[in-house]
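Every chain is numbered from 1 and lettered A, B, ... according to where its sequence line falls, protein lines coming before strand lines. Atoms considered below: every heavy atom in the structure, side chains included; atoms not considered: hydrogens, waters and symmetry mates.
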Amino acid sequence: MKRTHHCNELRPAHAGQTVILDGWVHSRRDLGGLLFIDLRDREGRTQTMCDPTVLPAEMFDRASRLHSESVVRITGRVRVRPEGTTNTRIATGEIEVIVDHLEVLNDAAVLPFSIDDPEIANKVNEELRLQYRYLDLRRPEMAKNLRTRSKVAIAIRSFMDGEGFLEVETPTLFKSTPEGAREFLVPNRREPGTFYALPQSPQQFKQILMVSGVERYFQLARCYRDEDLRADRQPEFTQVDIEMSFIDREDIYALIEGLLKTVWKTALGMDIPAPFKRISFYEALNRWGIDKPDTRFGMELVDFTEEFRTSSFKVFSGAVGAGGVVKAINAKGLAGATQGQIETMTEYAKSFGAKGLAFIKVENGEWKSPIVKFFTPAEKEALTAKLAIQEGDLILFAADQWLTACEILGKIRLYCAEVLKGQGKLTIDPMRFDFLWVVDFPLLSYDKEMNRWYSSHHPFTAPVAEDIPLLKEDPKRVRGQHYDIVVNGVELGGGSIRIHQPDVQKTIFEEILAIPPDETRLRFGYMLEAFRFGAPPHGGIALGFDRLIAILCGTTSIRDVIAFPKTAKGTCLMTDSPGPAAPRQLRDLHIEVKAAPAKA
RNA sequence: GGGGGUGUAGCUCAAUUGGUUAGAGCGCUGCCCUGUCACGGCAGAGGUUACGGGUUCGAGCCCCGCCACUCCCGCCA
């Protein structure tokens with residue numbers, strides 16, 4: 001006999017029925033003569049009761065010795081709980097099952113950490129959770145994250161299908177394209193010294209699919225990057241990869257806004273307003289000091305370049321004289337910042353090349369600052385007015401070239417927000433989502449050390465049409481048809497309209513990026529070749545699927561939404577990978593290992 | 001590659017800042033308990049203080065090294 005119901009199903013209406021439930025022993029409360037077992041499966045919990053006058057003695061005895069997380073099958077009769085004993089905290093709390101037969105399907109050993117109490121389980125060391133991931137995933141929070149991930153993946157597929165997209169799988173054995181992220185290499189047994197590479201993204205294949213006439217492609221694509229990890233970066237991750245033909249940027253915006261509306265509705269039952277706000281890269285840097293601004297709180301950057309152009313404070317007037325700017329933010333209520341916090345912020349400033357960080361603490365009606373003695377009344381007035389300075393504020397300055405000054409204050413703004421959150425002076429509604437498009441990125445950036453231009457995003461990004469004449473005369477002013485989708489300060493994805501004319505692509509590769517022609521041919525020859533045979537105008541986008549799910553689940557670590565994630569060193573604590581290879585495997589692959597693994 | 005944090009019982013944390021036998025809650029084991037749902041009560045077991053050195057009369061605590069986990073910078077076209 002198989003189970004008749006799951007553990008989140010029985011209600012008072014089922015009273016009197018005999019049911020079979022399968023599940024894990026979530027908790028056991030032994031009152032001596034009476035024994036309660038909360039049975040849990042992935043749907044929920046049901047209280048079962050062992051009564052010695054109903055349950056045969058040997059089964060009762062067995063039940064009293066069950067460890068947590070043992071797997072059992074219970075047969076019993078549903079009844080409404082006696083007056084005053086309902087549990088309003090679980091959905092099945094009005095009923096209980098009187099056990100008349102107990103079958104132990106599998107005993108569980110004593111657990112390395114308890115998973116029945118969320119308060120305790122949430123604090124368990126992540127190392128231990130990853131080692132026993134199968135136990136960690138039994139926790140309702142984690143199970144809920146997995147479910148959200150599945151629901152959203154299916155909603156995305158369904159939405160894209162409705163929009164006429166084909167899901168096409170692209171190879172994960174690709175070739176090395178040594179620009180961009182470091183790649184994982186896969187040795188080729190058939191030809192010594194040659195390698196596949198795992199793709200950083202299906203970028204080139206999806207563009208080829210446009211040449212193939214697919215017109216609308218998407219894929220939940222696994223991607224690989226052999227770079228150092230972060231809370232929001234894993235060596236293998238999933239992206240929602242999209243490409244369309246015969247479209248412009250507006251089509252992408254509309255598609256993604258529709259997709260995200262569907263996703264938010266599916267996962268959170270929320271209606272998010274669209275269209276999303278659009279800001280330029282310049283505005284993002286200028287107002288928030290970052291190209292993925294979190295606009296859920298203020299503390300925007302304010303410009304004082306003109307006010308301090310002729311200031312007697314040489315650090316400021318000197319920066320302006322050198323073509324730079326003076327900018328400031330007001331960290332409201334942070335005048336009580338500790339020496340350590342000021343130091344952390346100063347370190348940020350220094351990491352961008354600043355000599356220090358100027359600040360003003362407004363305490364007891366007084367401006368406490370090493371630099372305030374240089375300020376004229378007019379300068380002070382301007383600060384007070386434009387920054388709305390009040391008692392308890394902390395004003396922080398950056399005087400440098402525009403980009404540097406913006407980036408410094410952008411970092412400090414985020415740091416201040418974290419400190420203020422910790423002090424309870426800044427609260428953000430966890431159900432608030434500020435979506436925005438960041439557009440008009442520069443197509444090219446300059447590498448001073450290498451003395452050459454490189455693509456801000458990737459070399460297939462099309463320039464804004466009216467800027468094409470500038471490509472050769474003033475590359476830095478060329479805007480790319482690139483767009484990023486940002487939510488709450490998280491870069492959710494990015495994409496662009498691509499170059500579809502082989503001559504423009506060739507110009508970018510060889511004249512702008514200065515890649516030698518033979519290298520271009522070696523690395524991208526097949527693309528340029530494909531583009532000769534009727535490449536439609538096309539563009540696309542990729543969304544970080546793990547980050548998307550993390551945002552929906554209210555966590556900042558994508559490890560919480562990936563079933564089996566890697567540690568910061570790229571290892572799997574459960575399977576102990578990566579590990580050594582057998583000599584025979586290495587021989588087959590024509591590989592000789594020079595440095596032996598540190599551990600035996 | 002660099003910087004910060006953490007590591008004490010199965011788990012979560014203490015240990016008066018270098019001083020007697022390293023404690024508590026939960027879990028575990030045993031006994032008691034017929035309305036619990038964080039059940040309750042009594043008793044008990046459980047420690048190479050991550051690891052290796054050093055300083056000291058004496059180290060969980062200080063110093064050096066090392067390992068693991070974690071956060072950040074670099075990196076992530």
Identify all side-chain donor-acceptor contacts of residues 505-512 of chain A below 3.5 Å with residues at least two apart in sequence or on another chain.
residue: A:Gln505; atom: NE2; partner: A:Pro459; partner atom: O; Å: 2.9
residue: A:Thr507; atom: OG1; partner: A:Asp503; partner atom: O; Å: 2.8
residue: A:Glu511; atom: OE1; partner: A:Lys472; partner atom: NZ; Å: 3.2

Given [options], the nucleotide with the shortest approach to the side chain of [X]:
X        : options             : result
A:Val110 : B:C28, B:U36, B:C76 : B:C28
A:Lys569 : B:C37, B:C69, B:G35 : B:C69
A:Lys123 : B:C28, B:U36, B:C13 : B:C13
A:Glu127 : B:C39, B:A68, B:U36 : B:A68
A:Arg89  : B:C71, B:A38, B:U36 : B:A38
A:Leu34  : B:U34, B:C69, B:C75 : B:U34
A:Pro82  : B:C37, B:G35, B:C71 : B:G35
A:Pro52  : B:U34, B:C11, B:C69 : B:U34
A:Thr85  : B:G35, B:A38, B:C39 : B:G35

Which sits closer to the 5' end of RNA chain B, A:Arg547 or A:Gln47, going by the nucleotide each is nearest to? A:Gln47
Please figure out whether A:Asn125 or A:Asp51 has its closest RNA chain B nucleotide nearer the 5' end. A:Asn125
Round to a whole Å and report the spacing from [atom1] of [X] to [atom2] of [N].
X        : N     : atom1 : atom2 : answer
A:Ile90  : B:C37 : CD1   : P     : 13 Å
A:Gln131 : B:C11 : CD    : C1'   : 13 Å
A:Leu128 : B:U70 : CG    : C1'   : 15 Å

So does [X] reach the base of [N] with its side chain, donor to acceptor, closer than 3.5 Å?
X        : N     : result
A:Arg65  : B:U29 : no
A:Arg233 : B:C76 : yes
A:Glu96  : B:G35 : yes

Would you find more than 12 non-hydrogen atoms of other residues, nucleotides or ligands less than 6.0 Å from A:Arg11 atom CZ? yes
Give me the distance, rounded to whole Å, that separates B:U12 from B:C28 when you measure between the C1' atoms they each carry. 16 Å
Taking the same atom, P, in B:C61 and in B:G44, what whole-Å distance lies between them? 31 Å
Would A:Arg233 and A:Glu227 pass as an ion pair if we require N to O under 4.0 Å? no
Strictly under 3.5 Å: I want the nitrogen or oxygen pairs between protein and nucleotides 40-46 of chain B, one per line.
none

Do A:Arg42 and A:His6 come within less than 4.5 Å of each other through their side chains, counting heavy atoms only? no
Any donor-acceptor pair under 3.5 Å from A:Asp51 side chain to A:Thr53 backbone: yes
